[in-house]
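What follows is a set of notes on a single structure, which appears directly below.
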Amino acid sequence: MNTEVKEASIFDYKGNKIVTEDRDISIIARMEEPVIAVLGNVVSEEECDELIRISQDKVNRSKIGSQKTVSDIRTSSGAFLDSADVTARIEKRIAQIMNVPVENGEGLHILNYKQGQEYKAHYDYFKPKLDGTTPNPRISTLVVYLNDVEEGGLTYFPHMNLSITPQKGMAVYFEYFYSDPAINERTLHGGSPVTAGEKWAATMWVRRKQYR
Ligand SMILES: O=C(O)CCC(=O)C(=O)O
Ligand SMILES: [Fe+2]
């Protein structure tokens, strides 16, 4: 008899798709504990192009900033997006997919990796403070791929032996608020080096409580 009790997830979809206000998202693959799901049809080609277009300048500017604080954990450039029609529409859709209020999301964070750039393996959740508490912790992440990458740029989960190839308009979802810390630790992940072409992605990190 299996007496194991599965831990709670907010990604509790039973069917093969997620119906949002303006788009049906397909669940292409999923695993449990931790939930990691590969999603299709998350954003349209046009929306991908529009997000890249409006972040081009911002990302370039953030690069100058990031060169001051050299970090080899993340060699890509990133920037949070300002409010725009396309941003609001996509953030609303993503909140529905992630099953949280839109206010709990940190906002779309655009990442641009040029050839050779990467994001080394890391956790998206924060370390507890010295008193052991984490006031408004991150609970889940959605990484949306905004372009097809020629070579490399996979999202990899080394503890799960899992890699996801970026495909324009698709996304990977994962969550890390399990009571068993060992399950959260399995969400260690990174963006592997882009070996040809470049990579554009949009990340949404979600908090337990309202953030914005
Ligand atoms: O670029 C990727 O595939 C991963 C991005 C990521 O881990 C993040 O934005 O937190
Ligand atoms: Fe991450």
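Both ligands and their constituent atoms are indexed starting at 1 by order of listing.
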- prompt: Does the pair Val143 and Leu111 meet the rule for a side chain to side chain contact (heavy atoms under 4.5 Å, CB included), with working shown?
  reply: CA-CA 10 Å; Val143 180; Leu111 278 174; over 6 Å; no
field: atom 2 (C) of ligand 1 [closest protein heavy-atom partner, distance rounded to 0.1 Å]
entry: Lys199 NZ, 3.2 Å
- request: Considering only non-hydrogen protein atoms, determine which one is nearest to atom 9 (O) of ligand 1 and report residue, atom name and distance to 0.1 Å.
  value: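 That would be Thr203 OG1, 2.8 Å.
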Test applied, ring pair (Phe, Tyr, Trp, His ring centres under 6.0 Å); reference residue, His189; option that passes from Tyr119, Tyr123, Phe157: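 With His189 as partner, ring pair (Phe, Tyr, Trp, His ring centres under 6.0 Å) holds for just one option, Phe157.
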- prompt: If you measure only the distance, is there a donor-acceptor pair under 3.5 Å linking the side chains of Asn112 and Glu198?
  reply: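 Yes, side-chain donor-acceptor contact under 3.5 Å.
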message: One thing to verify: whether Lys92 and Asp22 come together as a salt bridge, which I'm taking to mean a side-chain N less than 4.0 angstrom from a carboxylate O.
response: no
query: Is the closest basic N to carboxylate O distance between Glu50 and Arg89 below 4.0 Å?
result: no
Within a distance under 4.0 Å of any heavy atom of [X], pick out the atoms of ligand 1 and give their elements.
{"X": "Tyr113", "result": "1 (O), 2 (C), 4 (C), 5 (C)"}
{"X": "Asp124", "result": "10 (O)"}
{"X": "Thr155", "result": "2 (C), 3 (O)"}
{"X": "Trp205", "result": "8 (C), 9 (O), 10 (O)"}

message: Please check whether Tyr145 reaches ligand 1 - meaning an N/O of the residue sits under 3.5 Å from an N/O of the ligand, judged on distance alone.
response: no
With the Fe ion (ligand 2) as the point of reference, which N/O/S atom of [X] is the closest?
{"X": "His189", "value": "NE2"}
{"X": "His122", "value": "NE2"}
{"X": "Asp124", "value": "OD1"}

query: Looking at Tyr125, is Arg138 sitting on its ring face, NZ or CZ under 6.0 Å from the six-membered ring centre and within 45 degrees of the normal?
result: no
Residue portion contacting ligand 1 (non-hydrogen atoms closer than 4.0 Å) for Leu111: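 The answer is the side chain of Leu111.
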task: Classify the contact between His122 and ligand 1 as side chain, backbone, both or neither, using a heavy-atom distance cut-off of under 4.0 Å.
output: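 For His122, only side-chain atoms sit under 4.0 Å from ligand 1.
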task: Compare Phe174, Tyr119, Tyr123, Tyr156 and give the one whose heavy atom is closest to atom 6 (C) of ligand 1.
output: Tyr119
- request: Give a yes/no verdict on whether any heavy atom in His109 is under 4.0 Å from an atom of ligand 1.
  value: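 Under 4.0 Å: no for His109.
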- prompt: Taking only residues at least two apart or on different chains, which pairs with a member in residues 7-27 satisfy ring pair (Phe, Tyr, Trp, His ring centres under 6.0 Å)?
  reply: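 For residues 7-27: Phe11-Tyr13, Phe11-Tyr173.
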query: Taking Arg186 for the side chain and Glu33 for the main chain, is one N or O donor matched with an acceptor at less than 3.5 Å?
result: yes
field: Validation row: Thr134, Arg208 side chains within 4.5 angstrom (heavy atoms)
entry: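 Result no, sub-4.5 Å side-chain heavy-atom pair not found.
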